[in-house]
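By convention here, the first residue in the shown sequence is residue 1. For ligands, and for the atoms within them, numbers begin at 1 and follow the listed sequence. Note that these values count all heavy atoms, side chains included, but never hydrogens, waters or copies made by symmetry.
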Amino acid sequence: MNVIRRRGWELAESCATPEHVFLNRRGFMAAAAGAAVIGITPELAMAQRVSDLANMPDPTRDLYPAKRNEKYVLDRPLTEESINANYNNFFEFGSSKNIVKAAQALKTRPWTIKIDGMVEKPFEIGIDDLVRKVGIEERLYRMRCVEAWSMTIPWSGFQMSKLVEMAKPLGSAKYVRMETFLDKSIAPGQRQSWYPWPYVEGVTIEEANNELAFLVTGTYGKPAPKQHGAPLRLALPWKYGFKSIKSIVRFSFTDKRPKSYWEDLQSAEYGFWANVNPEVSHPRWSQATEEILGTGGERKPTILFNGYGEYVASMYSGLGKERLWA
Ligand SMILES: Nc1nc2c(c(=O)[nH]1)N[C@H]1C(S)=C(S)[C@@H](COP(=O)(O)O)O[C@H]1N2
Ligand SMILES: [Mo]
């Protein structure tokens, strides 16, 4: 994401990096000291440790690959897995697209999800219990980042309406507010206090119950890698990618419109609805076309609601002057 930053922000960011490297090194050095005895270099031991963390068995592994729901079809090929898995926005782990390595520090088990606010009875549920209870399927969706690039991806997961149903919201609840984990000790981005952590997103209950709103647990027929927002992230294919919050720990039902992370940071550029529209430019760039990731720079015209209008347009027909696009 491209944010206009005050000079001081940038300075502080580059200052924070060496501390992160230093803290990690201490942990790695302890492991590397043992490894040296049997002739493994510290670099190898570090690489091994990173890949061990990435390859920890997932307790729901047996549910993959999930059966594909053939209803959701694409107008373009799937993006190659290696491209999607190595070009990510996940500011908790850095502001570049290259956060894969840093994101392996995320511990995805145990992972507890809190459901609270205006519900019959607040509760907590572990990710594996949740996934086994609701079951998973595969869907092919397009994803359009507000930065004007896009990808197509086979997500595995379940319709968000199932979670809303489990939550039993009160009639007075109008929105679902979602929160990402908060742990400075593993997420270097969260040590940058000028960002409004934790990452927050929100949708109306009607949007949460739309059939396209999908809670993602997996990609490419496997449990999702950490950089994609394991073990639970959202996919809202008709909205700009920043609405699709990663690594969710909390769903709160509320009658107040939640203020999202990007809206909080830069409300002139990022709003609540953030529906995809080629005719409404971002204040600093056009949204008319998008770069298709993995094609060496091919661009296609962007489609209203990212091509999902038949499913979602009716939700926005009565909103008059609201800022629906951006
Ligand atoms: N918690 C959290 N969720 C997030 C982000 C983030 O920085 N932190 N970035 C968003 C943005 S801008 C995009 S485009 C998508 C990127 O998802 P991907 O890396 O899986 O392609 O995640 C969204 N969800
Ligand atoms: Mo994005």
Margin query: Are Trp273 and Phe242 connected into the same hydrophobic cluster when the rule is that any two of I, L, V, M, F, W, Y join if their side-chain heavy atoms are below 4.5 Å apart?
Written below: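 In one cluster: yes.
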
Next item on the list: Could you state whether Tyr240 and Leu319 fall into the same hydrophobic cluster, counting links through intermediate Ile, Leu, Val, Met, Phe, Trp or Tyr residues with side-chain heavy atoms under 4.5 angstrom apart?
Entry: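 Yes, it is one cluster - the side chains of Tyr240 and Leu319 are joined through contacts under 4.5 Å.
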
Which ligand 1 atoms does [X] reach within 4.0 Å, using its non-hydrogen atoms?
X: Cys145; result: 14 (S)
X: Phe242; result: 10 (C), 11 (C), 12 (S)
X: Phe90; result: 1 (N), 6 (C), 7 (O), 8 (N)
X: Met151; result: 21 (O)
X: Asn88; result: 18 (P), 19 (O), 20 (O)

Notebook entry, point to check: Where does Thr180 meet ligand 1, judged by heavy-atom distances below 4.0 Å: at the side chain, the backbone, both, or neither?
Noted result: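 It is the side chain that touches ligand 1; the backbone stays farther off.
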
Margin query: Residue-level breakdown please: for Glu147 versus ligand 1, do any non-hydrogen atoms fall below 4.0 Å on the side chain, on the backbone, on both, or on neither?
Written below: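 Within the 4.0 Å criterion, Glu147 makes no contact with ligand 1.
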
Note to self: I'd like to know whether the aromatic ring centres of Trp238 and Phe305 sit less than 6.0 Å apart in this structure.
What the structure shows: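 No.
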
Next item on the list: Would you confirm whether the ring centroid of Phe90 sits within less than 6.0 angstrom of the ring centroid of His228?
Entry: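 No, they do not, as the ring centres are separated by 6.0 Å or more.
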
Next item on the list: Please state whether the rings of Tyr175 and Phe272 are parallel, tilted or perpendicular, taking 30° and 60° as the class boundaries.
Entry: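 Tyr175 and Phe272: perpendicular rings.
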
Next item on the list: Please state whether the rings of Tyr195 and Phe91 are parallel, tilted or perpendicular, taking 30° and 60° as the class boundaries.
Entry: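 Correct class here is perpendicular.
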
Check: Taking everything shown except Lys184 itself, do over 12 heavy atoms lie less than 6.0 Å from its NZ?
Finding: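 At most 12 heavy atoms, drawn from other residues, nucleotides or ligands, come within 6.0 Å of this atom.
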
Notebook entry, point to check: Would you say Ser244 contacts ligand 1, with heavy atoms under 4.0 Å as the rule?
Noted result: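 Yes; Ser244 lies near enough to ligand 1 that a heavy-atom distance drops under 4.0 Å.
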
Notebook entry, point to check: Is Arg233 near ligand 1, meaning one of its heavy atoms is under 4.0 Å from it?
Noted result: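 It does, in that a heavy atom of Arg233 comes within the 4.0 Å cut-off of ligand 1.
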
Taking [atom] as the point of reference, which of [options] owns the nearest heavy atom?
atom: atom 2 (C) of ligand 1; options: Tyr270, Trp155, Tyr199, Tyr87; result: Tyr199
atom: atom 15 (C) of ligand 1; options: Ala230, Gly241, Ser247; result: Gly241
atom: atom 19 (O) of ligand 1; options: Glu201, Lys97, Gln227, Lys246; result: Lys246

Notebook entry, point to check: Is Ser286 reaching over with its side chain to a backbone N or O of Ala288, donor-acceptor style, under 3.5 angstrom?
Noted result: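 Here the side-chain-to-backbone pair exists.
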
Notebook entry, point to check: Are any of the N/O atoms in Trp149 less than 3.5 Å from those in ligand 1?
Noted result: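 No, there is no polar N/O contact under 3.5 Å.
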
Notebook entry, point to check: When Leu163 is tested against each of Leu130, Ile125, Val134 for side-chain contact (heavy atoms from CB on, under 4.5 Å), which residue passes?
Noted result: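 Result for side-chain contact (heavy atoms from CB on, under 4.5 Å) with Leu163: Leu130.
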
